[in-house]
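See structure below.
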Amino acid sequence: MPIPRPPLVSFTVPMVAALGAFFGLFVGIANGSGILGLAIGAVAGAALAYGLASYVEDKRTGRLVTIAVFAIVGLILGGVAGLVVLAVIGFVLGWAVYWLDRGTYRSTIPPYAKSGEVLWHNTYKFICGLIFFFLIAPILTIIPLSFNAENFFTFTPEMLSFDPDGYSLKHYRDFFGTSDWQLALRNSLIIAPFATLISVSLGTLAAIGLSQTHVPFRRPIMAILISPMIVPLIISATGMFFFYSTLGNWLEANLGFSQSFVGYVKIILAHGVLGVPFVIITVTATLVGFDDSLTRASANMGAGPVRTFFKVQMPLILPGVISGGLFAFITSFDEVVVVLFVGAAAQKTLPWQMFIGLREQISPTILAVATILVVISILLLTTVELLRRRSERIRGMSPG
C-alpha cells in the first residue's frame, strides 16, 4: 500500500523551514547575527522544500543539486570552510525534504498509527541520534586536531580555513620516532595479548561451567566473577597493588625472577582479571542457544570431555569467545589505573605515556596516539559485530 503524501504547504514546507531556521541560527551566530541567520535559514528552507517537492521528482538529483548549490554559496561567502559547512547543511535539508514529502517518515510505522504515535516514533529516533552525536562528537574533534601543524590543542585559523599549511603529520612522526612512545607501544603489545589469552582461557571455562544447571550457587559465583566490571577501578587497583606486590616479592626471592620480568607478570595477571568478565558475558550469551544434545551425542559416540569441547562446543561458541577476547584486548590496551598501581617505569604502557603527556608536558602527540587507538577500537568493534551476526546465523536467529 503506497504511503500518501502529506500536504506540501501546510506540512513539508513549514517543517523544512524550521530545520533551515535551526541551521541558520547557528551559522548566523558564528557570523555575528543570529536573528538574521535564523530568518535567512527559514526562508531558504521553505523555498527549497517547495522547489524540490514541486519540480524535482528524482530524489537523488534533487539532493545533489541542493548540495551543489549550498556548497557554491558557502564557497562564495566563507571559502573552503563555508563550502564544507553549507554542503553538509544542504545534504541534511535535501534529505529532509524528500523524507517528509514522500511520507518516508511513516514507512516503518503501521498505517493505523495516530499522529501522536508517529510524532513520538520519529522524536524517539531523533533523540537517539542526538545522544549518539554527543557520544562521538569528542572523538570527531580529536581526529582532525591530531593533524595540527602547531603544538596546540585547539583549532588554528589555518585549520578552520582548511589551509594545507595548517595540517601536518608531525605528531604522528613524533609518535613513531620517539623512544618513549615506542617503548610504551611495545609494552602494550606485549601485555595485552598475554592478558587476553588468560582472560579467554579462564573466562571461557567459567562460562561453560556456569551454564550447567547442576552447578550450585551459580548466580553468586557469576556475580563474583563479573565484579571487576562493577567495583570502582581505583578500589580494584588498590587491592591488586597489595596482592601482586606480595606475589612479586615471592617470585623474586624464591624463583630468582628479575624485577622487570615480575613487573610484566603482575600487569598481565591484573589485566587478565579485568578481562575475564567480558569473556564470561559474551560466551554465556552465546551458550544461551547452544543445544546440549550435541554434547550428549558426542559422549555416546565415545568422545571424551576434552575432545567434545574442541570438536563440538568450541566451533559453535567461537564467535562469542573471539568477541570476548577482543573486548578483553581493548580493556588491557586502554587501561591505565591498574598499571600505575602495579607496574613500574619499565612496564610503562601506551595509556600511561599518554597520561604523562597530559600531566607533565602538554604533548599534542597524544592526539595522534588517541586517533590511532580510536581506529584500532573501531576495527575491533566492527569485528565483534560481524562475529555477533555470524553467531546468530549459526544459531538460526535473525541478525536484527
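Computed over heavy atoms, backbone and side chain alike; hydrogens, waters and symmetry mates excluded.
Every residue two or more places apart in sequence or in another chain was checked for a side-chain hydrogen bond (donor to acceptor under 3.5 Å, both in side chains) with Asp163, and none qualifies. The side chain to side chain contact (heavy atoms under 4.5 Å, CB included) test applied to Ile322 returns Leu318, Leu326, Leu387, not counting sequence neighbours. Judged as a side-chain hydrogen bond (donor to acceptor under 3.5 Å, both in side chains), and not counting sequence neighbours, the contacts of Glu335 are His271. The side-chain hydrogen bond (donor to acceptor under 3.5 Å, both in side chains) search around Ser211 returns none, not counting sequence neighbours. The side chain to side chain contact (heavy atoms under 4.5 Å, CB included) check on Pro7 picks up Ser10, Phe11, with sequence neighbours excluded. Under the side chain to side chain contact (heavy atoms under 4.5 Å, CB included) criterion, Pro232 pairs with Ile234, Ile235, not counting sequence neighbours.
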Return a table of donor-acceptor pairs under 3.5 angstrom between the side chains of residues 275-284 and protein atoms on other chains or two or more places apart.
residue	atom	partner	partner atom	Å
Thr282	OG1	Phe278	O	3.0
Thr282	OG1	Val279	O	3.1
Thr282	OG1	Gly320	O	3.2
Thr282	OG1	Gly324	N	3.4
Thr284	OG1	Ile280	O	2.5

Distance-only donor-acceptor hits, side chain of residues 38-55, under 3.5 Å, sequence neighbours excluded:
residue	atom	partner	partner atom	Å
Ser54	OG	Tyr50	O	2.7

Show me, pair by pair, the donor-acceptor contacts under 3.5 angstrom made by side chains of residues 61-86, not counting sequence neighbours?
residue	atom	partner	partner atom	Å
Thr61	OG1	Asp58	OD2	2.6
Thr66	OG1	Gly62	O	2.7

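Side chain of Thr308 to main chain of Ser298: no donor-acceptor pair is present (N/O by atom type, distance under 3.5 Å, no hydrogens or angles).
Under the 4.5 angstrom side-chain criterion for Ile, Leu, Val, Met, Phe, Trp and Tyr, Ile35 has no cluster partners at all. Under a 4.5 Å side-chain heavy-atom cut-off, the cluster of Ile, Leu, Val, Met, Phe, Trp and Tyr residues that includes Leu379 is completed by Val375.
Counting only residues at least two apart or in different chains, ring pair (Phe, Tyr, Trp, His ring centres under 6.0 Å) contacts with residues 229-249 are absent.
Nearest approach of Ala344 to Trp352, heavy atoms of both residues: O-CZ3, 3.1 Å.
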